[in-house]
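Just so you know, ligand 1 is whichever comes first in the structure, and atom 1 is the first atom listed for that ligand.
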Amino acid sequence: MPSLNQIRQTFLDYFARQDHEVVASSSLVPQNDPTLMFTNAGMVQFKNVFTGAETRPYTRATTSQKVVRAGGKHNDLDNVGYTARHHTFFEMLGNFSFGDYFKAEAIEHAWNLITRDYGIDANRLMATVYIDDDEAFELWKKIAGLPESRIARIAGSDNFWSMGDTGPCGPCTEIFYDHGDHIWGGPPGTPEEDGDRFVEIWNLVFMQFDQQPDGTRLNLPKPSIDTGMGLERVAAVLQGVHNNYDIDLFKTLIDASVEATGVAAEGDSLPSHRVIADHLRSSAFLIADGVTPSNAGRGYVLRRIMRRAMRHAYLLGAKEPLMHRLAPALVAEMGGHYDELKRAEATIVETLRQEEESFRRTLGRGISLLDEAVGDLKSGDVLGGDVAFKLHDTYGFPVDLTQDAVRAKGLTVDVDTYNILMKEQKERGRKNWGGSGETAAATEWFAIKDAVGASDFVGYDHLSAQGHVQAMVLDGQSVESAVAGDLIQVVFEKTPFYPEGGGQAGDTGTVDFLHGKGDILDTKRQAGELIVHLVEVTQGRVKVGDKSELHVDADKRKTTRSNHSAAHLVHAALRHVLGPHVSQQGQLVDAERMRFDFSHGGPLTAEELARIESEVNTVILQNAAAATRLMTPQAAIEAGAIALFGEKYGDEVRVLALGQALEGPGDYSVELCGGTHVARTGDIALFKIVSEAGIASGVRRVEAVTGEAARQFLLEQAGVARSLADQFKVPVSQVEARVEALIAERKRLEKELGEAKRALAVGGGGGAASGPEEINGTRLIARVLEGVGGKDLRPLAEDFRKQVGSGIVALVGKLDGKAAVTVTVTADLTGRYNAAELAKAAVIAMGGQGAGGKADFAQGGAPDDSKADAGLEAVKALI
Ligand code: SER
């Protein structure tokens with residue numbers, strides 16, 4: 001029985017033999033595509049190739065593409081675990097023709113592969129075609145020898161595939177497998193088609209149109225082919241099982257979950273194990289592609305997937321976080337083909353562990369909130385949809401968990417209101433979702449690239465260079481000329497300007513045109529290989545073809561280089577000091593500073609920060625030469641270079657080695673990087689961390705400066721220390737001790753002051769006011785105390801109570817315009833007087849709301865201290 005890994009390989013090998021380029025899966029996060037949340041089909045990475053905007057050195061390709069269908073047009077999340085074939089993550093095997101072969105060859109290849117290489121019984125196969133696609137109908141008869149009874153014509157979206165609301169689309173033909181009459185269901189197009197007997201295994205799309213935002217369809221330049229076969233489905237067929245979750249890969253994952261929980265995969269627990277296995281895959285692959293759990297966009301979908309699985313872990317009775325313990329089993333199964341999974345293993349484990357730990361905290365709080373909400377309800381009542389929504393939104397409770405939890409008490413949930421609130425929230429989410437940007441003129445840039453070719457970057461070795469204006473864009477349109485005052489985007493055949501990328505800011509500088517001058521305000525990459533300069537024309541004019549001298553701002557580039565190299569050193573130092581789970585989550589380096597975001601559970605201690613800073617400065621002092629090598633990404637990663645998850649690398653990558661390892665031979669830092677860097681580590685001169693903070697759950701950020709900026713920072717700090725020393729009239733080395741002494745002294749004085757105030761209040765005042773008065777035979781001490789707040793009244797009341805022996809003490813303290821009241825009744829009188837009632841009367845007389853306490857002691861407060869006397873009078877009136 002072939003394994004999943006073998007089935008994938010057989011597919012890729014077959015098409016490689018048919019002259020298809022074997023292309024690696026693209027990231028789950030679509031590059032340069034603002035319309036998609038996740039890569040949802042094999043054709044996504046080829047979208048621009050189909051429309052003709054991009055060309056590649058091949059016209060046939062084959063892939064095993066990572067796909068996530070959760071959120072967006074193709075969303076399978078809600079069905080996972082409860083059906084035999086839905087997954088949030090799956091692998092899509094595909095072959096593609098970009099204007100090369102079309103229907104006949106596509107059908108022939110598909111038929112040959114499944115009936116010969118896979119050896120599937122032809123008698124169990126049938127096909128569907130789009131309702132009016134006579135050509136495909138005839139081809140199935142001719143090539144596969146299918147009888148007409150096993151070719152169904154289908155109208156509607158089942159046989160017309162589109163990527164999303166816009167983009168390439170076309171009619172399709174689908175191949176179905178008959179799992180046998182022991183399973184209920186009928187062929188497609190029959191009333192029983194919703195049964196599970198006939199299962200679609202392969203979709204061949206005849207790509208012909210490019211759907212526009214207004215719904216119209218333009219013809220693609222050439223008819224093309226895009227096919228997609230779910231690897232898990234075909235594995236189920238080849239492994240003789242009906243349910244995808246029974247294939248070898250899922251068996252392994254479910255076994256791991258059974259072992260970790262001690263709960264067998266049967267009965268009510270089976271769906272839980274399946275959801276866990278499925279969601280483990282999508283979570284791990286998304287994390288490996290750089291997505292981190294958050295409350296918006298992609299990160300929020302990841303969080304929902306993770307928490308769904310974590311709820312099931314909880315349902316299975318797992319006492320400790322479970323998901324991260326299953327990650328190694330997944331990496332062992334799938335890391336062979338998907339190297340990124342292996343590289344990200346530590347990050348995957350850490351991210352899963354942290355999320356589950358924090359979800360378990362809210363899970364408990366959510367249950368308390370639910371208990372509270374359910375408290376007064378009786379059997380037959382309805383729990384508010386707002387509670388269910390809050391449980392979902394704040395505590396991560398899916399609504400079905402809430403329904404389950406209240407069912408035992410005979411309650412139901414107002415699902416309608418819940419749904420309305422969810423819908424509103426989804427709309428808010430959609431509005432917040434901005435995609436990856438880059439909508440403007442993407443087609444324009446591809447057209448320019450086709451016309452002028454890739455730009456040559458010469459900025460690793462030069463800061464100035466000569467080039468010619470090859471293309472100019474003004475307001476999103478190609479133009480031939482521009483004049484002073486215009487803000488244009490310009491492409492030269494070669495340039496020393498670094499285009500923003502890999503977290504390094506684009507270069508700025510100046511350009512001398514043949515008949516004019518301009519300031520280069522920014523530089524970016526477009527259409528993959530074009531370097532585009534944002535130029536403000538300051539003098540004269542410029543036209544396409546003009547010779548131009550380009551000058552990078554050398555000072556800025558120098559500090560940017562230092563900051564970028566320092567970021568690599570920080571990355572290495574973080575991993576040494578904190579551990580290998582640290583992975584880069586983002587970076588920004590420009591002429592001012594470096595900012596480095598990384599995965600880590602909590603704040604760094606002062607000691608950790610000091611060690612990182614010191615390690616980086618030690619490597620700077622080595623003054624070792626930086627070494628750059630060019631190699632394939634694979635070779636680089638094998639050589640131990642740190643590659644970034646979710647980053648797209650070309651065929652050849654630059655690998656930068658910085659510094660010497662602090663222990664043993666080898667380099668200190670080795671990373672894949674296209675940025676510009678120092679020649680020797682000593683060029684960085686000095687490194688200083690200026691801040692460390694959390695920016696999202698599990699993600700920290702350090703900001704640092706280098707060279708002159710670091711020196712200035714230290715000078716400023718030294719200046720502050722010196723000025724303090726001058727004020728204290730001690731050497732800098734004694735400032736700390738002085739400040740400590742001052743703090744201690746202040747504490748002592750505050751204490752003394754409090755005591756003095758009390759002594760004054762109790763004993764002071766003189767004359768009649770100093771002793772108790774007597775009203776109707778009850779001794780009373782009633783005082784207004786200036787400058788005394790509520791918390792100081794209690795000890796004072798104790799003192800007065802002793803003084804009164806048997807009686808009542810009523811105190812009003814005045815502080816900051818407000819009044820605080822304390823009433824004490826000695827134990828022998830609590831039968832006659834209630835301190836709480838007396839205090840309340842006082843507070844109300846002073847315009848406040850009420851007081852709280854017991855029969856012997858009560859406190860309250862009023863907003864206005866001018867009625868203090870009235871408060872005491874109110875107490876007296878009650879005696
Ligand atoms: N794009 C089609 C699908 O996803 C075929 O690859 O089904």
TODO: Locate the shortest heavy-atom distance separating S272 from H312; write the atom from each residue and the value.
DONE: OG-ND1, 2.8 Å
TODO: Would you please indicate yes or no on a ring centroid separation below 6.0 angstrom for F198 and Y177?
DONE: no
Task: Residue pair W111 / W140: nearest heavy atoms and the distance that separates them - done: CE3-CZ3, 3.7 Å
Open item on the list: I need the single residue from V237, N112, I201, V234 that forms a side-chain contact (heavy atoms from CB on, under 4.5 Å) with Y118. Which is it?
Closed with: V234
Short N or O contacts of ligand 1 with protein, under 3.5 Å, listed by atom name?
unit_1, atom_1, unit_2, atom_2, d
ligand 1, 1 (N), D226, OD2, 2.7
ligand 1, 4 (O), R69, NH2, 3.3
ligand 1, 6 (O), D226, OD1, 2.6
ligand 1, 6 (O), T227, O, 3.1
ligand 1, 6 (O), G228, N, 3.0
ligand 1, 7 (O), W161, NE1, 3.4
ligand 1, 7 (O), N203, ND2, 3.1

Task: F11/H20 aromatic ring centres below 6.0 Å - done: no
Task: Criterion side-chain hydrogen bond (donor to acceptor under 3.5 Å, both in side chains) on Y245 and H273, from CA distance to verdict - done: CA-CA 10 Å; Y245 288 93; H273 283 293; over 6 Å; no
